[in-house]
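Notes follow once the structure below has been shown.
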Amino acid sequence: MIYLDGSRFFFDIEGCFSDRVKDARLKCSNKEHDPFAGEICKGFADFFGAKPENVRAAKDYSVIFGAILQKDAVITVPEFDEAEDIIKSALPKAKIILTKKTSDMKIRTIEQNPDANAVFLTNPCCPASLELSRDEIKRLALSTEKLFIVDESHMVGEDNSAIKLVEEVPNIVVLKKMRFGGEPVFACGKNLPEFDCKITVEDEAAANVIFNHTSALKTALRKLCDSRDSLYIRIKKLAIKYGSVERLYRTKADCVFFKVKDAEKRCAVLIEHGITVRCRDGYFCVFAGNKDENEAVLTALESVLQ
């Protein structure tokens with residue numbers, strides 16, 4: 001089965017330094033657990049141009065949200081956004097208030113709710129793949145006094161990262177999920193509390209190897225960008241060729257998003273071909289894979305779109 005539904009990341013970053021990662025994991029077995037994961041927080045800060053004191057690490061979203069939000073928090077999220085799924089998984093007791101997107105899947109305003117504790121969105125928005133500029137993020141964050149959480153885990157390039165806003169907009173918190181070291185989630189923001197990250201010493205050691213060899217991380221991001229761009233161009237050709245693709249959205253995230261006639265039926269056929277993509281409400285979201293995975297998915301897509 002080929003999974004281009006966002007559940008897997010195709011590039012094995014740790015594999016670039018497999019011997020060093022394995023050795024690091026073995027050597028740290030007796031090392032005392034650092035509840036604040038100081039080394040990798042510094043590595044993250046150095047790589048993304050943040051201040052180390054503004055960075056926190058966590059095993060997953062549940063740990064991050066448990067530290068910065070109440071379990072029964074009221075959170076505003078854009079409709080048709082992976083943000084809703086992340087919140088439901090991390091904070092099952094939280095109440096979600098959906099704010100409207102335009103027909104173009106864009107966010108113009110954040111609906112104000114007096115009961116809300118925070119606003120949470122993914123940027124580039126996933127699955128729709130569109131991106132808010134840094135100025136747009138700043139405008140939306142300044143429109144509310146609530147905690148404004150921006151998850152950039154699906155961002156391919158760093159030119160538009162909201163991390164650069166953290167120093168001037170105090171209610172912004174930027175999240176990034178990394179694809180190594182147990183896939184920790186990092187938070188960057190001012191006045192974040194300290195908390196036990198729940199990251200094992202072995203995973204921290206593995207992540208530290210990557211942050212000490214940033215060429216591997218840069219290579220992974222470049223491969224992801226190249227894969228996404230190639231996938232977008234090929235799907236655009238299919239959209240021109242077949243009327244079953246009703247709309248294709250300009251890609252900015254690590255996926256390609258498009259509206260398809262009879263999407264659910266066509267998705268079922270894809271599964272019969274051994275291909276899994278994300279399908280919801282008449283839309284396909286196909287995440288970037290390696291060359292062979294992309295080729296297999298594109299071949300299957302063409303057969304079901306005809």
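Screening residues 94-118 for ring pair (Phe, Tyr, Trp, His ring centres under 6.0 Å), with sequence neighbours left out, gives no hits. Residue pairs meeting the salt bridge (charged side-chain N to carboxylate O under 4.0 Å, His left out) criterion with at least one member in residues 204-220: none, sequence neighbours excluded. For residues 105-117, no pair satisfies salt bridge (charged side-chain N to carboxylate O under 4.0 Å, His left out), with sequence neighbours left out. Sorted by first and then second residue, the salt bridge (charged side-chain N to carboxylate O under 4.0 Å, His left out) pairs involving residues 1-19 (not counting sequence neighbours) are E14-R25. Each ring pair (Phe, Tyr, Trp, His ring centres under 6.0 Å) pair with one or both residues in residues 186-208, not counting sequence neighbours, appears once here: F44-F186, F186-F211. Identified under the salt bridge (charged side-chain N to carboxylate O under 4.0 Å, His left out) test for residues 257-276, with sequence neighbours left out: none.
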What pairs of donor and acceptor atoms, side-chain ones from residues 235-246 against any protein atom, are under 3.5 angstrom apart with sequence neighbours left out?
{"unit_1": "K241", "atom_1": "NZ", "unit_2": "E302", "atom_2": "OE2", "d": "3.0"}
{"unit_1": "Y242", "atom_1": "OH", "unit_2": "E302", "atom_2": "OE2", "d": "2.7"}
{"unit_1": "S244", "atom_1": "OG", "unit_2": "L305", "atom_2": "O", "d": "2.6"}

Please list every donor-acceptor pair under 3.5 Å in which a side-chain atom of residues 76-87 meets a protein atom from a residue at least two apart or in another chain.
{"unit_1": "E79", "atom_1": "OE2", "unit_2": "K101", "atom_2": "N", "d": "3.2"}
{"unit_1": "D81", "atom_1": "OD1", "unit_2": "A83", "atom_2": "N", "d": "3.2"}
{"unit_1": "D81", "atom_1": "OD1", "unit_2": "T122", "atom_2": "OG1", "d": "2.6"}
{"unit_1": "E82", "atom_1": "OE1", "unit_2": "H154", "atom_2": "NE2", "d": "2.7"}
{"unit_1": "E82", "atom_1": "OE2", "unit_2": "R278", "atom_2": "NH2", "d": "3.4"}
{"unit_1": "E84", "atom_1": "OE2", "unit_2": "K88", "atom_2": "NZ", "d": "3.1"}

Side-chain donor-acceptor pairs of residues 284-292 under 3.5 Å, sequence neighbours excluded:
{"unit_1": "N290", "atom_1": "OD1", "unit_2": "D292", "atom_2": "N", "d": "3.2"}
{"unit_1": "N290", "atom_1": "OD1", "unit_2": "E293", "atom_2": "N", "d": "2.7"}

Inset, instruction - Apply side chain to side chain contact (heavy atoms under 4.5 Å, CB included) to the pair K252 and M155, showing each step before the final yes or no. - result: CA-CA 7 Å; K252 288 291 184 180; M155 183 171 279; over 6 Å; no
Inset, instruction - Assess whether side chain to side chain contact (heavy atoms under 4.5 Å, CB included) is satisfied between L224 and F9, documenting all intermediate values. - result: CA-CA 9 Å; L224 180 60; F9 186 56; 3.8 Å; yes
Legend entry - Audit row: I163, N54, side chain to side chain contact (heavy atoms under 4.5 Å, CB included) steps and yes/no: CA-CA 10 Å; I163 284 178; N54 291 336; over 6 Å; no
Inset, instruction - Output, in order, the C-alpha distance, side-chain angles, deciding distance and verdict of side chain to side chain donor-acceptor pair (under 3.5 Å) for Y61 and D151. - result: CA-CA 10 Å; Y61 285 104; D151 186 356; 2.6 Å; yes
Legend entry - Derivation of the side chain to side chain contact (heavy atoms under 4.5 Å, CB included) call for V119 and I149: CA-CA 6 Å; V119 175; I149 305 171; over 6 Å; no
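No side-chain heavy atom of I275 sits under 4.5 Å from any side-chain heavy atom of Y3. Annotation: side chain of L69 is in contact with side chain of L91 (closest heavy-atom distance under 4.5 Å). Side chains of L270 and T276 form no contact here, defined as non-hydrogen atoms less than 4.5 Å apart. Side-chain contact between S129 and Y249: absent, with no pair of heavy atoms (C-beta onward) separated by less than 4.5 Å. Side-chain atoms of C197 and K59, non-hydrogen and from C-beta on, never get closer than 4.5 Å to each other. In this structure, S215 and F17 have side chains that are in contact, with non-hydrogen atoms separated by less than 4.5 Å. Side-chain contact between S161 and E152: present, with at least one pair of heavy atoms (C-beta onward) separated by less than 4.5 Å. Side-chain contact between T219 and C16 is absent, with no heavy atoms from C-beta onward closer than 4.5 Å.
Residues meeting the side-chain hydrogen bond (donor to acceptor under 3.5 Å, both in side chains) test with T251, sequence neighbours left out: none. Here E168 pairs with K138 under the salt bridge (Lys or Arg N to Asp or Glu O under 4.0 Å) rule; sequence neighbours left out. Applying the side-chain hydrogen bond (donor to acceptor under 3.5 Å, both in side chains) test to Y283 and every residue at least two apart in sequence or in another chain returns nothing.
Using a distance-only test at 3.5 Å, with no hydrogens or angles considered, a donor-acceptor pair links the side chain of K146 to the main chain of A116. A donor-acceptor pair under 3.5 Å links the side-chain atoms of R228 to the main chain of A253, judged by distance alone. No side-chain donor-acceptor contact under 3.5 Å links S227 to the backbone of K223. Not one N or O on the side chain of R222 forms a donor-acceptor pair closer than 3.5 Å with the backbone of L217. A donor-acceptor contact shorter than 3.5 Å is absent between the side chain of D72 and the backbone of K95. The closest donor-acceptor contact from the side chain of S230 to the backbone of D226 lies at 3.5 Å or more, if one exists at all. Between the side chain of T200 and the backbone N or O of D203 there is at least one donor-acceptor pair closer than 3.5 Å. Listed for the N160 side chain is a donor-acceptor partner under 3.5 Å among the backbone atoms of R134. In this structure, R179 contributes its side chain and I13 its backbone to no donor-acceptor pair below 3.5 Å. Here the side chain of N117 pairs a donor or acceptor atom with the backbone of V74 at under 3.5 angstrom.
Taking every heavy atom of both residues into account, N171 and E145 meet most closely at ND2-C, 4.4 Å. A pairwise comparison of heavy atoms in A205 and A24 identifies CB-O, 3.7 Å as the closest pair. What you find for A50 and V55 is that their closest heavy atoms are CB-CG2, 4.1 Å.
Atom CD of Q306 sits in a crowded spot, with more than 12 heavy atoms from other residues, nucleotides or ligands closer than 6.0 Å.
Here the straight-line distance linking atom OG of S143 with atom CZ of F148 works out to 6.5 Å at 0.5 Å rounding. Atoms CG and OG, on D23 and S18 in that order, are 11.0 Å from each other to the nearest 0.5 Å. In this structure, CD1 on I2 lies 13.5 Å from CZ on F10, to the nearest 0.5 angstrom. Taking CD1 of I110 as the start and CG of L140 as the end, the distance is 5.0 Å to the nearest 0.5 Å. To the nearest 0.5 Å, the span separating CD1 on I137 from CG on N123 amounts to 4.5 Å. For the atom pair CD (Q112) and CD1 (I97), the distance works out to 10.5 Å, reported to the nearest 0.5 Å.
Ionic pairing of R250 and E131 is not present here: no N-O contact between side-chain nitrogen and carboxylate oxygen is shorter than 4.0 angstrom. Salt bridge status for D46 with K42: present, with a side-chain N to carboxylate O gap under 4.0 Å. Ion pair E39/K31 flagged as a salt bridge, since at least one NZ, NE, NH1 or NH2 atom sits closer than 4.0 Å to an Asp/Glu carboxylate oxygen.
Hydrophobic clustering of Ile, Leu, Val, Met, Phe, Trp and Tyr side chains at less than 4.5 Å, counting indirect connections, keeps F120 apart from V166. V277 and I271 fall into different hydrophobic clusters, defined by Ile, Leu, Val, Met, Phe, Trp and Tyr side-chain heavy atoms under 4.5 Å apart, directly or through other members.
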